[in-house]
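Below you'll find the structure, written out as structure tokens, and then a few comments.
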Amino acid sequence: MIARNLSDACPTLFTSLSNKSVELPTDIVREIFETTARNFPRTGAKLAGLCKRTQYWMEWIIYETVVLDHPPTRTSAFLRTIDARPAEFFYQRVKNLYLSYTLTLDEAQKILSVCSGLTHLTCWAQSSQRLGWLLPLLSSSTLTRLSIKLDMLKTRGPLFSFSDKIFQGLTHLEIVCPPPVNTGMSVDWTTLMELPKLKHFIIGNLFSRDHFYLLPIIRGLLDASASLEVLTILSKDPQMLEALDCQEFNDPRLVIFPRFNWPLDLPTYWKNLYTGELDAWEPSAQKGMKQRLERSQRVRRELIHYYQR
């Protein structure tokens with residue numbers, strides 16, 4: 001379709017090219033294909049089917065981000081691919097992995113055992129029956145973005161800490177379903193404030209019956225973290241929202257959303273992640289940036305008004 005439209009628009013050019021053998025360098029041809037696949041995400045699979053060379057090029061893009069949610073057939077297909085390919089294939093290509101709550105523990109373990117070269121992992125798999133199962137699978141990782149439940153990394157020790165090397169390179173961290181106050185899981189939240197590269201932190205969903213104890217921790221993180229740019233709270237609990245309002249944080253870095261997929265519905269959220277049209281961290285980052293801009297503009301107006309008096 002693209003070539004036909006171009007030939008209609010530039011008949012002289014295409015007549016000239018048709019009479020000559022034009023051969024572009026391989027690296028330029030590859031760049032053209034990769035740029036097309038990134039700008040039009042749904043074209044990658046079609047381009048991969050042209051020949052073995054384009055298949056090789058496109059697989060680096062197709063497998064760069066893997067999103068496994070609905071439908072279950074996508075997860076089944078990916079598991080079959082794992083059986084058919086060497087582990088090195090996934091180590092080299094898969095960099096962003098989203099495992100939703102629809103996956104079982106066994107499925108998640110199988111996938112993560114080969115996808116060991118990740119920079120971004122979102123893992124919400126069903127795993128409450130086995131504490132700490134994720135820790136050995138991430139021991140050699142170089143993650144910069146991580147979204148997990150803390151019990152996936154909890155060891156037998158009495159106190160969970162963010163001082164483990166897994167957390168030291170993170171710029172983005174999301175704690176999903178943080179432990180309620182009476183679960184018996186103790187967390188040293190002060191180590192969260194010491195993470196050297198943390199820019200974006202998300203925690204939720206928060207409920208008044210379980211998570212009031214986190215309010216001073218949220219304040220401490222805003223006060224103590226030198227690198228933090230956005231702190232997002234996920235909650236639609238009226239009492240929790242009222243308690244947050246009473247805290248008077250007055251910090252433009254604090255963003256409150258009612259749910260993780262805000263403002264999209266769930267099917268659209270997962271589809272947009274899959275097609276590359278959405279970065280899961282982007283909505284709250286944009287909201288934080290907007291709040292910081294509004295605050296700086298307000299301060300500027302107040303200063304102008306002060307000096308004009």
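For reference, positions follow the sequence shown, starting with 1. The basis for the numbers below is simple: all heavy atoms, side chains too, and nothing from hydrogens, waters or symmetry mates.
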Would S235 and N205 satisfy side-chain hydrogen bond (donor to acceptor under 3.5 Å, both in side chains), going step by step from the backbone distance to the final call?
CA-CA 5 Å; S235 182; N205 287 332; over 6 Å; no
S76 vs R80, test: side chain to side chain contact (heavy atoms under 4.5 Å, CB included). Steps then yes/no.
CA-CA 6 Å; S76 300; R80 289 195 299 272; 3.8 Å; yes
List the steps and the verdict of side chain to side chain contact (heavy atoms under 4.5 Å, CB included) for N96 and V66.
CA-CA 6 Å; N96 309 298; V66 174; over 6 Å; no
K199/L228 under side chain to side chain contact (heavy atoms under 4.5 Å, CB included): CA gap, chis, key distance, verdict:
CA-CA 4 Å; K199 295 181 179 181; L228 193 68; 6.0 Å; no
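A 4.5 Å side-chain heavy-atom check between C115 and F78 finds at least one atom pair inside the cut-off. Under the 4.5 Å side-chain criterion, counting only non-hydrogen atoms from C-beta, E229 is not in contact with H200. In this structure, Q247 and L215 have side chains that are in contact, with non-hydrogen atoms separated by less than 4.5 Å. Using a 4.5 Å cut-off on side-chain heavy atoms (C-beta onward), L241 and I256 make contact. Between L135 and I166 there is a side-chain heavy-atom pair separated by less than 4.5 Å. Contact annotation: the side chain of L112 approaches that of L118 to within less than 4.5 Å [non-hydrogen atoms, C-beta and beyond]. Between L24 and I32, some side-chain heavy-atom pair lies under the 4.5 Å cut-off. For the pair R145/D279, a side-chain contact is recorded, criterion being any heavy-atom separation below 4.5 Å from C-beta on.
Here the CG-CZ distance, from D265 to R259, works out to 8.0 Å after rounding to the nearest 0.5 Å. How far CH2 of W189 is from CG of L214: 5.5 Å, rounded to the nearest 0.5 Å. Within the model, atoms OG1 of T102 and CG of L68 stand 7.5 Å from one another, a figure rounded to the nearest 0.5 Å. For the atom pair I217 CD1 and L221 CG, the distance stands at 9.5 Å (nearest 0.5 Å). Separating the CG atom in L138 from the CG atom in D164 is a distance of 9.5 Å, to the nearest 0.5 Å. Put simply, OG on S225 and CE on M193 are 9.5 Å apart, with the number rounded to the nearest 0.5 Å.
Taking the centre and axis of the six-membered ring of Y56, the NZ or CZ atom of R53 falls outside the cone set by 45° and 6.0 Å. With F89 as the aromatic partner, R85 meets the cation-pi criteria of under 6.0 angstrom to the ring centre and within 45 degrees of the ring axis.
Put simply, the side chain of E174 never gets that close to the backbone of S147: no donor and acceptor are under 3.5 Å apart. Side chain of S227 to main chain of L198: a donor-acceptor pair is present (N/O by atom type, distance under 3.5 Å, no hydrogens or angles). Panel note: side chain D151, backbone K154; no donor-acceptor pair is recorded below 3.5 Å. A donor-acceptor pair is defined here as one N or O able to donate and one able to accept, closer than 3.5 Å; such a pair exists between the side chain of T54 and the backbone of L47. Checked by atom type and distance alone, the side chain of T81 pairs as donor or acceptor with a backbone atom of A77 at under 3.5 Å. In terms of modelled atom types and a separation under 3.5 Å, the side chain of T275 and the main chain of K271 share a donor-acceptor contact. Side chain of K165 to main chain of S139: a donor-acceptor pair is present (N/O by atom type, distance under 3.5 Å, no hydrogens or angles). Using modelled atom types, one side-chain atom of R253 and one backbone atom of L222 make a donor-acceptor pair closer than 3.5 Å.
Residues that satisfy the side chain to side chain contact (heavy atoms under 4.5 Å, CB included) test with P179, not counting sequence neighbours, are L150, T183, M185, V187, Y213. Here D188 pairs with nothing under the salt bridge (Lys or Arg N to Asp or Glu O under 4.0 Å) rule; sequence neighbours left out. Judged as a salt bridge (Lys or Arg N to Asp or Glu O under 4.0 Å), and not counting sequence neighbours, the contacts of R38 are E64.
With no hydrogens or angles considered, no side-chain donor-acceptor pair links T144 and H120 at under 3.5 Å.
Using a 4.5 Å cut-off between side-chain heavy atoms of Ile, Leu, Val, Met, Phe, Trp and Tyr, L293 forms no hydrophobic cluster with any other residue. Hydrophobic cluster of I202: the remaining members, joined at side-chain heavy-atom separations below 4.5 Å, are V67, Y98, Y101, W124, V176, V230, L234, V255, F257, F260, W262, L264, L266, Y269, W270, L273, Y274, L278, W281, listed by chain and number.
Contact check on R292 versus D251 returns no salt bridge, with no Lys/Arg side-chain nitrogen under 4.0 Å from an Asp/Glu carboxylate oxygen.
Residue M289 qualifies as open at atom CE: its count of foreign heavy atoms under 6.0 Å is 12 or below. Around CD of E248, the count of heavy atoms belonging to other residues, nucleotides or ligands within 6.0 Å does not exceed 12. More than 12 heavy atoms of other shown residues, nucleotides or ligands fall within 6.0 angstrom of atom CD in Q92. Within 6.0 Å of CD on E31 lie no more than 12 heavy atoms contributed by other residues, nucleotides or ligands. When the shell of 6.0 Å around CD of Q239 is examined, it contains 12 or fewer heavy atoms from other residues, nucleotides or ligands. No more than 12 heavy-atom neighbours from other residues, nucleotides or ligands sit within 6.0 angstrom of NZ on K236. Heavy-atom contacts from other residues, nucleotides or ligands closer than 6.0 Å to CD of E88 number 12 or fewer.
Nearest heavy atom pair, residue I111 against residue L103, reads CD1-CD2, 3.7 Å. Nearest heavy-atom pair across Q168 and F162 is NE2-O, 3.1 Å. In this structure, A37 and G44 approach most closely via the heavy-atom pair CB-CA, 4.2 Å. Heavy atoms only, all atoms of each residue included: C123 and W133 are closest at SG-CH2, 3.8 Å. Closest non-hydrogen pair, M152 versus A125, comes out as CE-O, 3.5 Å. Taking both residues in full, the closest heavy atoms of L206 and P178 are given as CD2-CG, 3.5 Å, listed atom of the first, atom of the second, then distance.
Using cut-offs of 30° and 60° on the angle between ring planes, the pair Y63 and F90 is perpendicular.
Checked against F201 for a side chain to side chain contact (heavy atoms under 4.5 Å, CB included), the options L170, T232, L192 give a single hit: L192.
Applying the salt bridge (Lys or Arg N to Asp or Glu O under 4.0 Å) test to pairs two or more places apart or on separate chains, those with a residue in residues 89-113 are D83-K110.
Each of L121 and Y91 belongs to its own hydrophobic cluster when Ile, Leu, Val, Met, Phe, Trp and Tyr are linked at side-chain heavy-atom distances under 4.5 angstrom. Under a hydrophobic clustering in which Ile, Leu, Val, Met, Phe, Trp and Tyr are joined whenever their side-chain heavy atoms come within less than 4.5 Å, directly or via other members, F212 and F207 fall into different clusters.
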